[in-house]
2 protein chains.
Amino acid sequence: MARIVPVKGKIPPMKDLTAENITENVVIINNQCSHARGQYIFERLVHHLHEFAREVRLSSEEWMTGIEFLTKVGQISDDLRHEMILLSDTLGLSILVDSIDHPRIDTVTEGTVLGPFHTHDAPDTELGYTLHGDPNATRLFVLCTVKDTQGKPIAGVQADVWEGDSHGFYDVQNPNRQAADGRAVLHTDSEGRLFFNAIIPVPYPIPDDGPVGAMLRFLNRHPNRPGHIHFMLYKNGYDKLTTALYPRGDPFETSDPVFGVKESLIVDLSEVDEAIAAKYDVKKGTALLKYDFVLATDEEAGAMREKKAVEAAKKLNRKMKMQNGLPIPDLD
Amino acid sequence: MARIVPVKGKIPPMKDLTAENITENVVIINNQCSHARGQYIFERLVHHLHEFAREVRLSSEEWMTGIEFLTKVGQISDDLRHEMILLSDTLGLSILVDSIDHPRIDTVTEGTVLGPFHTHDAPDTELGYTLHGDPNATRLFVLCTVKDTQGKPIAGVQADVWEGDSHGFYDVQNPNRQAADGRAVLHTDSEGRLFFNAIIPVPYPIPDDGPVGAMLRFLNRHPNRPGHIHFMLYKNGYDKLTTALYPRGDPFETSDPVFGVKESLIVDLSEVDEAIAAKYDVKKGTALLKYDFVLATDEEAGAMREKKAVEAAKKLNRKMKMQNGLPIPDLD
């Protein structure tokens with residue numbers, strides 16, 4: 001008996017579990033959790049996990065297929081390959097969580113999926129930086145502003161920008177990667193400007209040699225993402241914006257495997273004119289991507305998030321309260 | 001563009017996804033799947049995964065915690081450690097799937113969780129075999145019968161039996177494991193008898209040094225399983241029974257972390273009397289576990305499974321049909 005882990009307190013008794021009463025019993029035992037938000041998350045997780053199995057009448061064989069699939073997704077993952085994120089992306093969960101965490105505010109730029117290719121080793125550098133040395137790429141000058149909902153430029157916004165190369169490969173997909181390439185950390189100036197030299201992004205397949213690729217093939221889905229450039233914009237006091245811009249007309253614009261495309265994030269490219277060429281030291285005629293980002297303040301985003309959380313709680317027909325901006329059952 | 005994966009057929013277009021319309025869009029794109037059962041499973045999976053996130057208003061930080069947790073569960077798994085099964089067990093999913101796949105038939109022995117310790121290398125041996133050499137254990141003679149629902153003995157049932165040692169360790173938990181220990185494959189005789197020499201099983205903690213252990217601690221749950229002996233009984237024409245027997249009075253009888261205990265599987269131990277001692281060559285006074293297993297035929301189990309599936313389909317308010325004994329939407 002020496003190996004038994006000591007038990008504190010009284011445990012709610014249960015026994016004789018059936019398909020009909022297992023869910024309530026698991027919830028009762030999980031409710032020993034002293035973290036109110038965690039307790040609520042596990043309650044809903046267990047509810048939906050069990051309802052799923054009950055509705056489809058999940059067989060033992062299908063269950064084992066799922067167990068082995070999820071195990072493989074974990075096993076193929078490492079510091080540079082994030083297969084579990086890819087799974088979440090391809091099931092539409094990532095874009096949903098982004099929509100929940102950053103609910104739509106009319107004038108504010110929409111977010112989209114982070115994707116599995118963001119890193120923390122991009123060079124912290126100056127406006128006007130050139131992301132890629134790639135000689136095969138078509139050059140693109142990116143000229144943006146970052147403003148608040150009142151139209152006031154925001155200075156000192158940190159902008160992580162990243163994109164693939166002319167073959168649609170991110171640097172982390174290069175097994176001989178020595179340092180960051182195709183990515184940078186920039187900072188808006190006093191006019192809220194954000195500009196850098198990029199390449200016209202091309203469509204590329206998400207990594208499809210692992211279990212998620214096999215899942216897509218089973219579902220008769222293709223893995224090709226439309227070309228895009230990633231942006232992550234953050235400054236204290238503002239709601240962090242993770243988004244991407246998609247040049248219009250990509251063949252996969254309406255069938256993105258990770259559900260990232262939004263109409264407001266599709267951009268028409270133009271060309272660098274004489275004035276811009278002179279001002280930013282770029283060759284006239286270079287492809288040009290112009291975009292004006294709008295950030296919400298933490299207060300604006302928080303208020304909208306709470307409004308949506310209250311609406312969701314109403315649908316559950318139970319009394320909820322907010323704790324650190326997130327809903328938990330109100331048991332008082 | 002050379003890397004793009006060729007696309008066959010017409011893809012249903014989508015764009016401008018929001019928290020409100022993402023689910024239907026993911027379902028539409030997944031419905032390209034040509035496997036009817038797979039299509040249905042993914043439909044309900046996506047529905048519940050998204051409803052879960054919407055109901056709790058899952059934050060990006062909580063999502064990342066989940067992604068990292070599931071990745072770790074996969075990474076710690078190998079041929080002998082099945083952490084993903086343990087996760088399923090501790091969330092009550094395993095026992096639920098068993099209940100769905102082997103629905104209760106009044107006279108038939110109930111199933112319970114397989115657990116992560118079954119192997120395929122147990123010796124195929126004779127009735128009367130001694131499972132353990134363990135000198136510290138209290139000996140237990142196990143004397144069972146296997147019958148059908150008409151009370152007729154079933155000969156030639158293959159029985160996998162396995163249990164931990166006197167410290168509650170299974171052989172696969174021994175890093176120096178050379179061969180199977182504490183497990184055997186036996187076969188019932190013409191009287192349907194199944195007997196072997198075991199030890200009185202002791203409670204033990206499920207492996208709690210990994211992510212599932214951390215989850216249990218977060219939930220203020222203990223990891224101690226009540227002592228039990230595992231049985232897997234199968235013969236062509238009969239519904240495979242995966243179950244376990246629990247000697248009565250264990251301190252963790254009503255708080256099993258994997259929800260495996262059922263009243264009908266709790267047994268009162270007695271002692272080997274003179275008649276049994278003589279008949280089976282066991283020492284008089286040895287602890288005795290007697291149990292009569294009842295197996296359903298494939299037909300009996302299949303009929304009950306279908307009945308339950310039809311009931312579940314009714315709750316969904318949609319027209320369903322059965323395919324290979326499992327429900328799929330009836331689209332005709």
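Since this is a predicted model, take the numbers as computed values, not measurements. Naming convention: chains lettered A, B, ... in sequence-line order (proteins, then strands); numbering from 1 in each chain.
- Contacts between A:Met320 and chain B at a heavy-atom distance below 4.5 Å are absent for every atom of the residue.
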Practice task
Evaluate the criterion side chain to side chain contact (heavy atoms under 4.5 Å, CB included) for residue pair A:Leu49 and B:Phe52; output intermediate values, then yes/no.
Solution key: CA-CA 9 Å; A:Leu49 183 68; B:Phe52 159 68; over 6 Å; no

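- The contact between A:Arg37 and chain B is made entirely by side chain atoms (from C-beta outward), counting heavy-atom distances below 4.5 Å.
- Among B:His50, B:Glu55, B:Arg44, B:Gln75, the residue making the largest number of heavy-atom pairs under 4.5 Å with chain A is B:Glu55.
- The environment of CD in B:Gln323 is crowded: more than 12 heavy-atom neighbours from other residues, nucleotides or ligands sit within 6.0 Å.
- Chain A forms more heavy-atom pairs under 4.5 Å with one residue of B:Ile29, B:Leu326, B:Thr90 than with any other, namely B:Ile29.
- For chain B, no part of A:Glu68 is nearby; none of its heavy atoms comes within less than 4.5 Å.
- For A:Asn31, no part sits under 4.5 Å from any heavy atom of chain B, backbone or side chain.
- Among B:Leu316, B:Val46, B:Asp78, the residue with the largest count of heavy-atom pairs under 4.5 Å with chain A is B:Leu316.
- Contact count versus chain B (heavy atoms, under 4.5 Å) is highest, among A:Pro12, A:Ser99, A:Ser59, A:Ser77, for A:Ser59.
- For the set A:Leu219, A:Asp98, A:Asn220, the count of heavy-atom pairs under 4.5 angstrom toward chain B peaks at A:Leu219.
- Inspection of non-hydrogen atoms places A:Lys308, A:Ala309, A:Ala312 of residues 305-315 of chain A under 4.5 Å from chain B.
- Comparing B:Ala53, B:Ser60, B:Pro327 by heavy-atom pairs within less than 4.5 Å of chain A, the highest count is held by B:Ser60.
- Only the side chain of A:Ile22 comes within less than 4.5 Å of a heavy atom of chain B; its backbone N, CA, C and O stay farther away.
- Of the listed residues (B:Leu114, B:Thr112, B:Leu45), the one with the most heavy-atom contacts under 4.5 Å to chain A is B:Leu45.
- By the side-chain hydrogen bond (donor to acceptor under 3.5 Å, both in side chains) test, B:Gln39 is found to be paired with no residue, residues two or more places apart in sequence or in another chain being considered.
- In this structure, B:Phe252 has its ring center closer than 6.0 angstrom to the ring center of B:His222.
- When each of B:Val97, B:Asn224, B:Ile85 is scored by its heavy-atom pairs under 4.5 Å with chain A, the top score falls to B:Asn224.
- Proximity to chain B is limited to the side chain of A:Ile11, based on heavy atoms less than 4.5 angstrom apart.
- Centroid-to-centroid, the aromatic rings of A:His35 and B:Phe218 come within less than 6.0 Å.
- Considering A:Glu43, A:His48, A:Arg54 as possible partners of A:Thr23, the one that fulfils the side-chain hydrogen bond (donor to acceptor under 3.5 Å, both in side chains) test is A:Arg54.
- Atom CZ of residue B:Arg221 and atom CZ of residue A:Phe42 lie 9.0 Å apart, to the nearest 0.5 angstrom.
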